[in-house]
Amino acid sequence: MDFSLTAAVCTVIITTCMVSSTHPDCSIVLHLLKKENECKVQMETDAASLSSSSNKTAGCVVEWDGVSCWPAASEDEVVSVHCPLPLMKPETPPVLISRKCTVRGWSKPNLPYYKACYSDAYEQDEDVRKEKNYFETVKLIYSVGYGVSLAALLIAALLFCCLRKLLCARNYIHLNLFVSFMLRSLAVFIKDDVLFADESTDHCTVSTLRCQAAVTFFHFCVVSNFWWLLVEALYLQTVLLLVFTQTRKLLWIYAVIGWGAPTVTVVIWALLKKQLEDEGCWDDLESRLWWIIKIPILLSICFNFLIFLNISRIIVQKTKATHVNPSETHLYRRLRRSTLLLIPLFGLHYVLFALFPDHVGVGPRLYLELVLGSFQGFIVAVLYCFLNGEET
C-alpha cells in the first residue's frame with residue numbers, strides 16, 4: 001500500500017474543506033446588517049452636519065429602507081441605487097432602482113425589490129417555495145432518522161448495561177460509541193429547538209447564553225462521535241496486529257481519546273470564542289476559530305480512511321496465508337466481516353463529500369449528509385448489538 005499517496009489524499013481533503021462559508025440565508029442577513037450600520041453612521045454624520053449649519057435647504061435626508069441606503073438629496077432630485085448583490089441571481093444583470101425626492105419626502109421605488117432583483121417574480125416565488133419545501137422535507141427526514149437512531153441506541157445501551165456478561169473490551173467500546181451517537185442525536189434536537197423553534201426569531205443574529213450553550217454542546221457531541229469512530233478503527237487494527245494482546249489495558253487510553261480530546265478541543269474553542277468573537281450564536285462558519293472544531297474532525301476522517309485501507313490490506317494478506325491455523329483463519333474471516341460492516345463507521349462517505357467544495361451540489365450533498373448521518377446511529381445499533389453474535 002502506498003501510504004504517501006493516501007496521506008496526500010488526506011492533505012487534499014483538509015485543504016479543500018478549509019473553504020467554508022456561512023449559510024446563504026445568513027449571508028444575506030449579515031450583509032444587510034453591515035449596510036444598515038454603515039447607513040446609520042452616514043445618518044448621524046449628516047444630522048450633525050445639518051445641525052451645525054445655518055443654511056438648511058429643503059430636501060430628503062439619508063434613509064435606510066431595510067435593503068438599501070438612500071443618500072441625502074435635494075428636492076426633485078432622482079437617486080438610483082443598484083439592487084443588492086446578495087439578493088440577485090447569478091445570471092441577472094445589474095438593475096437600478098430609482099426614487100425621487102419630493103416635498104413630502106422620498107417617493108416609492110420605481111420597481112419593488114423582488115421584481116428588480118429577479119428577472120421573473122413568479123420564478124422567484126416558485127424558487128422560494130421549492131427551497132422551503134426541500135428544507136422542510138430534509139428536516140423531517142433527519143428528525144425521523146435521529147429519533148429512530150436515538151431509540152435503537154438507547155435499547156442497545158440498556159442491553160449492554162443489563163447483561164453485564166456482554167461487556168467485553170470491544171462491546172465496551174461499542175457502548176461508548178452508542179452514547180456518543182445518542183448525545184449527537186440529542187444535540188441536534190436541542191440545537192433545532194433553540195435556533196429554529198420560533199420562526200420569527202432571526203437565528204443568524206440571535207445572541208443568548210442558551211443559544212451559545214446549545215451550539216457548544218452540539219460541537220462537543222459531534223467531535224466526540226467522530227473520535228469514538230476513530231477509537232473503533234484503532235481497536236480493530238490493534239486486534240489484527242496484536243491478536244493476543246490484553247486490550248482491556250488500553251481501554252483507559254481509548255476513553256481519553258474518545259472523551260478527553262473532544263472536551264479539551266471544545267473548551268479551548270469556547271474560551272477563545274468568548275474572549276475574541278462573542279457575537280451571535282457562535283455558529284459562524286467563516287470564523288477562523290471554527291477550524292479548532294473542524295480540523296480534529298477532518299483528521300479523524302483521514303485517520304479512519306488510512307486505518308481502513310491498512311486493515312483491508314492486513315486481512316487480505318492474512319486470509320490468503322496458507323500456514324494460518326484454522327482458529328486464526330476463523331478469526332480473520334470474522335474480522336473481515338466486521339471490517340466490511342465498519343465501512344459506514346470509517347466515514348468513507350465523509351471522505352467523498354470532503355473532496356468537493358461546499359458550494360458544489362449543495363442540495364444533493366445536504367440531503368445525503370443529513371440523511372445518512374441521521375440513520376447512522378440506527379445502523380450501528382443494529383450491526384453491533386442486535387445482530388452481534390460475538391462472545392465475550
Point to revise | Donor on one side chain, acceptor on other, W106 and D65, under 3.5 Å | key: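 W106 vs D65: no donor-acceptor pair found between side chains.
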
Exercise for review: Please lay out, stage by stage, how R184 and V222 fare under the test side chain to side chain contact (heavy atoms under 4.5 Å, CB included).
Suggested key: CA-CA 6 Å; R184 182 171 182 171; V222 171; 4.1 Å; yes

Review point. Who pairs with E77 by salt bridge (Lys or Arg N to Asp or Glu O under 4.0 Å), at least two apart in sequence or on another chain?
Key: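 Expected list: none.
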
Do [X] and [Y] belong together in a cluster built from hydrophobic side chains that touch within less than 4.5 Å?
X    : Y    : value
V264 : L183 : yes
I295 : W228 : yes
V215 : V267 : no
L229 : I253 : yes
V62  : V78  : no

Check whether any side-chain heavy atom of [X] sits under 4.5 Å from a side-chain heavy atom of [Y], and report yes or no.
X    : Y    : answer
C69  : Q42  : yes
Y172 : L177 : no
K273 : D278 : no
F178 : V380 : yes
I297 : V223 : yes
S224 : T263 : no
T238 : Y254 : yes
N310 : L306 : no

Practice item. Using the side chain to side chain contact (heavy atoms under 4.5 Å, CB included) rule, take N176 and V231 through it: C-alpha gap first, then chi angles, then the decisive distance, then the call. Key: CA-CA 10 Å; N176 280 272; V231 168; over 6 Å; no

Check your understanding: What are the two closest heavy atoms between K191 and A214, and how far apart are they?
Key -> CA-CB, 4.5 Å

**Study point:** Where V194 and C211 come nearest, the two heavy atoms and their spacing
**Key:**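 Closest heavy-atom pair between V194 and C211: CG1-CA, 3.6 Å.
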
Rounded to the nearest 0.5 Å, what separation is found between the [atom1] atom of [X] and the [atom2] atom of [Y]?
X    : Y    : atom1 : atom2 : value
I257 : L250 : CD1   : CG    : 9.0 Å
F160 : N171 : CZ    : CG    : 4.0 Å
I307 : L236 : CD1   : CG    : 9.0 Å
Q237 : N304 : CD    : CG    : 10.5 Å
L298 : S300 : CG    : OG    : 7.5 Å
L289 : I268 : CG    : CD1   : 11.5 Å

Practice item. Using the test ring pair (Phe, Tyr, Trp, His ring centres under 6.0 Å), find all partners of W269 that sit at least two apart in sequence or belong to another chain. Key: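 Once residues adjacent in sequence are excluded, the partners of W269 under the ring pair (Phe, Tyr, Trp, His ring centres under 6.0 Å) criterion are H219, W282.
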
Give every donor-acceptor pair under 3.5 Å between a side-chain atom in residues 139-156 and any protein atom, sequence neighbours left out.
| from | atom 1 | to | atom 2 | distance (Å) |
| --- | --- | --- | --- | --- |
| Y142 | OH | D192 | OD2 | 2.6 |
| S143 | OG | K139 | O | 2.6 |
| S149 | OG | G145 | O | 2.9 |
| S149 | OG | S374 | O | 2.6 |
| S149 | OG | F378 | N | 3.0 |

Review point. Going through the distances and angles, do K40 and E36 end up as a salt bridge (Lys or Arg N to Asp or Glu O under 4.0 Å)?
Key: CA-CA 6 Å; K40 287 180 179 179; E36 182 181 6; 3.6 Å; yes

Practice item. Take L230 and F226 through the side chain to side chain contact (heavy atoms under 4.5 Å, CB included) test and state the conclusion after the steps. Key: CA-CA 6 Å; L230 177 60; F226 275 100; over 6 Å; no

Could you tabulate the donor-acceptor pairs under 3.5 Å formed by side-chain atoms of residues 97-105, not counting sequence neighbours?
| from | atom 1 | to | atom 2 | distance (Å) |
| --- | --- | --- | --- | --- |
| S98 | OG | S80 | OG | 2.7 |
| R99 | NE | S107 | O | 2.7 |
| R99 | NH1 | E63 | OE2 | 3.0 |
| R99 | NH2 | E63 | OE2 | 3.0 |
| R99 | NH2 | S107 | O | 3.2 |
| T102 | OG1 | R104 | N | 3.4 |
| T102 | OG1 | G105 | N | 3.4 |
| T102 | OG1 | G105 | O | 2.5 |

Review point. Quick one: side-chain hydrogen bond (donor to acceptor under 3.5 Å, both in side chains) partners of S180, sequence neighbours excluded?
Key: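 For S180 the side-chain hydrogen bond (donor to acceptor under 3.5 Å, both in side chains) partners, ignoring immediate neighbours, are N225.
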
Point to revise | For S68, side-chain hydrogen bond (donor to acceptor under 3.5 Å, both in side chains) partners two or more places apart | key: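 Here the qualifying residues are Y113.
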
